[in-house]
Amino acid sequence: MSLPTDRKTRVTTSHWGAFEVTTEGGRITGTAPFAEDPDPSAIPEILPQAVHHRSRVARPSIRRGWLERRDRSGRGSDDFVELPWDEALDIAAAEIDRIRKAHGNAAIFGGSYGWSSAGRFHHAQSQVHRFLNSIGGYVASFGSYSTGCAQAIMPHVFGVTFLRYLYNEQDSWQTIAENTETLVMFGGINKKNAQVSMGGITRHDTGSWFDRFQAKGMRCVNIGPQRRDAPEGCEWLPVRPGSDTALMLALAFVLEQEGLTDHAFLDRYTVGFERFRPYLMGESDGMPKTPEWASPICGVDPDTIRALARRMASTRTLITVAWSLQRAEHGEQPYWMSAVLAAMLGQIGLPGGGVGYGYGAIGGIGKSMKSLRGMTLDQLQNPVGTFIPVARIADMLAHPGELYDFNGRREPYPDIRLVYWAGGNPFHHHQDLNRLSEAWKCPETVIVNEPWWTATAKRADIVFPATTSYEREDIGRTDLDEYLFNMPAMIEPVGEARDDYDIFAGLAERMGDGARFTEGRSSGEWLRHLYDGYRESGAAAGIEVPSFDELREKNWVKLPIVQEPPLPSFLARFRADPEGKALNTPSGRIEIFSETIDSFGYADCPGHPAWLEPSEWLGKATAQTPLHMVSPQPGDKLHSQLESALADQPDARPERLLIHPEDARPRGIASGDLVLVRNARGAARARAVVTEDIRLGVVALPTGAWYGDASENIDPHGNPNVLTRDKGTSSLGQGSSAHTTLVEVGPLG
Ligand SMILES: Nc1nc2c(c(=O)[nH]1)N[C@H]1C(S)=C(S)[C@@H](COP(=O)(O)OP(=O)(O)OC[C@H]3O[C@@H](n4cnc5c(=O)[nH]c(N)nc54)[C@H](O)[C@@H]3O)O[C@H]1N2
Ligand SMILES: Nc1nc2c(c(=O)[nH]1)N[C@H]1C(S)=C(S)[C@@H](COP(=O)(O)OP(=O)(O)OC[C@H]3O[C@@H](n4cnc5c(=O)[nH]c(N)nc54)[C@H](O)[C@@H]3O)O[C@H]1N2
Ligand SMILES: [Mo]
């Protein structure tokens with residue numbers, strides 16, 4: 001006889017997809033894959049441990065030094081005092097009010113970059129922005145660590161925001177499968193990254209598309225430092241990191257030298273080739289960009305470059321570029337140059353031809369859906385109107401008033417007194433964390449909402465415990481997915497955790513702005529309000545969306561929004577009608593030379609794409625730092641999320657470092673050994689994996705570990721960001737340049 005139990009299984013969604021959650025006795029006890037997902041992610045397996053982990057923030061906590069004497073220097077080393085909610089909210093509200101009255105809202109930084117969790121309403125970043133706007137505004141951030149540099153450069157080239165190009169205007173997987181003969185992937189297309197997509201990805205199918213490509217005999221070439229950046233069966237050209245622009249220039253040179261350039265395309269659809277050509281052919285700088293010129297830079301032999309260029313010109317070729325290439329110094333250049341190379345091939349706008357960005361970077365790219373927008377929490381107007389490029393946070397905190405360049409403007413950094421972060425972990429995601437750690441001591445107050453004691457929460461003055469998406473009800477839905485989820489509250493909030501919404505409602509109310517923030521609605525009322533608006537816009541578009549109660553009942557539904565056949569890209573429409581569908585660039589065409597960029601006068605981003613040597617790469621390897629370190633996304637999780645539970649697993653930390661056998665041998669390193677990775681900026685422990693899947697001279701240390709304690713000079717967990725460099729990609733993009741990093745690796749002595 002079995003005892004009655006309250007065991008329940010329900011479905012929810014997350015950035016890594018939908019999955020079943022089993023609860024019993026008020027706890028999450030297990031997870032299982034979602035039945036309709038052909039290739040589910042394993043990330044949820046760790047969830048039961050993570051949600052109930054001892055590293056959850058139990059109660060509102062205030063750092064002792066700040067509470068007692070408004071100290072700033074103890075961030076990261078001090079202990080915390082737990083307080084009742086009302087008291088902690090009173091203190092935080094009074095402090096935010098003091099700062100806004102004494103220094104104005106432009107002294108509050110609320111960029112609050114980070115992925116937080118899936119779910120339309122309880123999206124922490126939207127919540128913190130709405131709150132800060134309701135109390136008078138904040139300094140915001142522009143762009144992302146993902147594609148910040150591309151978001152600055154690509155509108156100059158194609159006249160469209162980069163995000164629209166990515167999500168709505170590239171060829172679908174199906175179009176590629178049907179038309180492409182040669183797929184040239186700079187930085188690969190990696191199934192492990194396609195595991196996630198912001199807001200959710202229900203059917204993981206990147207792997208099955210590659211099965212189709214290979215069955216049809218498509219030639220797939222992975223150009224990058226790691227073999228495993230592309231599925232099995234792809235060719236691998238192991239290039240030196242940071243050298244792709246030189247390789248692209250040499251491919252372009254071969255086209256031009258061998259009469260393979262499509263000049264009719266260039267004449268009709270582009271401007272500025274005549275300004276670029278003298279550089280390409282070496283007439284302007286005495287250096288023709290031949291395969292022999294490129295070979296010692298990128299490490300690919302000249303014959304291979306020539307053969308690839310000929311193949312690209314004689315077959316339907318799609319060039320794809322991973323986002324990682326622009327997460328590097330001069331990241332603008334490979335992005336711009338890939339567009340120029342594709343234009344010279346003359347296939348832009350043909351199905352399965354031209355250039356695409358970020359396939360595989362997140363699972364949603366390449367899916368073709370009818371757009372059905374909505375369910376977005378209004379963030380209200382921001383009266384402050386000041387922003388910084390997102391990755392310039394440490395510069396801003398440490399150098400108020402200092403001028404910086406960004407995409408043609410020159411602005412002073414604002415003078416920030418208070419930082420509010422919800423839904424991000426800068427002490428995982430930012431570069432040169434030892435430098436950030438110093439800059440972080442400048443503001444008077446740091447407030448963080450977090451479910452876990454992350455490296456960032458530990459460096460805050462006031463920490464509010466936030467619920468996870470399993471402790472509150474929400475709706476799951478994104479534009480690149482045909483599924484719609486009710487995300488039920490599976491368990492009661494852990495400890496004294498509250499929803500971000502309730503935390504902000506409590507603060508806004510104390511500051512006299514409660515009504516502006518809440519508009520009189522509880523979170524349950526907001527959910528229904530947002531959902532009903534969505535349902536109405538669905539009806540207007542002829543798409544039937546179930547009622548809220550019906551969705552709750554069913555847990556999830558599939559919407560009839562798959563676009564079949566897939567829509568042609570905007571470049572296909574431009575190709576068909578270059579005058580009527582002119583691009584939104586100054587010339588109305590694809591810009592090979594940009595008068596606008598040229599007018600900025602930036603040495604680090606001139607008027608046409610060029611090979612600009614990075615400050616750290618194998619061409620500048622030194623005796624102290626002979627190896628290039630790339631720091632890709634982790635395959636076993638999303639960024640730093642769920643870190644504490646993962647770190648409990650045997651041998652999970654420090655993080656694994658991939659190293660080539662010929663680099664490992666002279667250093668006396670074998671697989672499984674603990675090693676020290678170091679450069680002038682910092683040092684981290686890691687566990688060596690010796691493999692021929694990485695290029696000689698390159699090591700790979702994924703992101704994801706939390707930054708260690710301030711007392712330790714060596715990061716114990718293997719966070720690559722103690723080693724990466726914290727400089728903008730260029731005066732134009734000012735994106736993160738994490739991949740531009742030289743290191744040395746040695747046995748842990
Ligand atoms: N070296 C190097 N560094 C990199 C990169 C790289 O390639 N190399 N990549 C960069 C990129 S592209 C990105 S996007 C960033 C990612 O950096 P982040 O987006 O900052 O990383 P996450 O770990 O996803 O941080 C999300 C945080 O939100 C918390 N959270 C989750 N749900 C909630 C909630 O409901 N409420 C609240 N208040 N908090 C919640 C999580 O616990 C977690 O701490 O890293 C960047 N850093
Ligand atoms: N499992 C999982 N998936 C994720 C994430 C995660 O945390 N976990 N994060 C998501 C996020 S926020 C983003 S922005 C995307 C990022 O998507 P990407 O930016 O595409 O991913 P990365 O893993 O940073 O880099 C991909 C590969 O680029 C290669 N690479 C590095 N430098 C160079 C170079 O100079 N030239 C060439 N040719 N190749 C180079 C590296 O070998 C690396 O493995 O991934 C998303 N997907
Ligand atoms: Mo990202």
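As the structure lists them, so they are numbered: ligands from 1, and atoms in each ligand from 1. We number each residue from 1, following the sequence as shown. All of these numbers come straight from a predicted model, not from anything done at the bench.
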Option from Val196, Leu646, Leu642 for which side chain to side chain contact (heavy atoms under 4.5 Å, CB included) with Lys637 holds = Leu646

key: Among Met198, Glu450, Gln127, His123, side chain to side chain contact (heavy atoms under 4.5 Å, CB included) partner for Ser116   = His123

Nitrogen or oxygen of Arg240 less than 3.5 angstrom from that of ligand 2 = no

ask   = Hey, does Lys192 come in under 3.5 Å of ligand 2, counting only N/O atoms on both sides?
value = yes

key: Protein residues that have a heavy atom under 4.0 Å from any atom of ligand 1, sorted by chain and number   = Tyr113, Gly114, Trp115, Ser116, Ser117, Ala124, Tyr145, Ser146, Arg327, Gly423, Gly424, Asn425, His428, His429, Gln431, Asn449, Glu450, Pro451, Trp452, Thr454, Ala466, Thr467, Arg472, Asp500, Ser631, Gln633, His639, Ser640, Gln641, Thr703, Asn721, Thr724, Ala738

query = Under the criterion salt bridge (Lys or Arg N to Asp or Glu O under 4.0 Å), which of Lys192, Arg203, Lys191 is the partner of Asp39?
reply = Lys191

Output the list of atoms in ligand 2 that are nearer than 4.0 Å to some heavy atom of [X], sorted by atom number.
{"X": "Gln195", "result": "1 (N)"}
{"X": "Pro241", "result": "34 (C), 35 (O)"}
{"X": "Ala322", "result": "20 (O)"}
{"X": "Ile223", "result": "38 (N)"}

ask   = Gln326 and Thr729: side-chain donor and acceptor closer than 3.5 Å?
value = no

task = Using distance alone, with no hydrogens and no angle criterion, decide if Asp481 and Thr202 have a side-chain donor and acceptor under 3.5 Å apart.
result = yes

ask   = With the threshold set at 4.0 Å, does a side-chain nitrogen-carboxylate oxygen contact exist between Arg477 and Asp479?
value = yes

key: CZ-CD distance between Arg685 and Glu655, expressed to the nearest 0.5 angstrom   = 14.5 Å

request  = List the steps and the verdict of side chain to side chain donor-acceptor pair (under 3.5 Å) for Glu643 and Thr454.
outcome  = CA-CA 8 Å; Glu643 169 68 11; Thr454 62; over 6 Å; no

task = May I ask whether Gly242 has any heavy atom positioned less than 4.0 angstrom from an atom of ligand 2?
result = yes

query = Applying a strict 4.0 Å limit to heavy atoms, is Asn190 in contact with ligand 2?
reply = no

inquiry  = Is the distance between the ring centroids of His15 and Trp115 under 6.0 Å?
reply    = yes

query = Any side-chain heavy-atom pair from Phe186 and Val239 closer than 4.5 angstrom?
reply = no

